[in-house]
Amino acid sequence: MAGPFDVESFDRLAEALDRWLDQAVIIGGWAHRLYRLRPLAQTLDYEPLGTFDSDIAVPLDLPAGGNLLTYRPARM
C-alpha cells in the first residue's frame, strides 16, 4: 500500500486529470490521505486508508473529446 501520502503518485494522478480537475472529486483512499493534510483535521493514531487504485467522481455529462487515453508505463 502507499504510505500516508505518496506525493509522486498523487502528482501523476493530478496530471492525468488536469483537463477535468475543476469537475472531478477525489474520493476513496486518496481523499482520506488528502484530508489529513488540512491544518484543522483531527490527528489520528492510525494510518489513513491506502489502496492501489484511484477513485474519482465526475459528472455524468463530463465533456470528452480528442485522444483521452494515453499509455503511461508504471514507474516502479
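Shown here are the side-chain contact (heavy atoms from CB on, under 4.5 Å) partners of A31, two or more places apart in sequence or in another chain: there are none. Residues that satisfy the side-chain contact (heavy atoms from CB on, under 4.5 Å) test with L44, not counting sequence neighbours, are R36, Q42, Y46. D53 is linked by a side-chain contact (heavy atoms from CB on, under 4.5 Å) to T51, D55, counting only residues two or more places apart in sequence or in another chain.
Under a hydrophobic clustering in which Ile, Leu, Val, Met, Phe, Trp and Tyr are joined whenever their side-chain heavy atoms come within less than 4.5 Å, directly or via other members, L21 and L34 fall into the same cluster.
Contact of the W20 side chain with the L62 side chain is registered, since non-hydrogen atoms from C-beta on lie closer than 4.5 Å. The side-chain heavy atoms of H32 and Y35, taken from C-beta on, include no pair separated by under 4.5 Å.
Rounded to the nearest 0.5 Å, atoms CD1 (I56) and CG (L17) are 5.0 Å apart.
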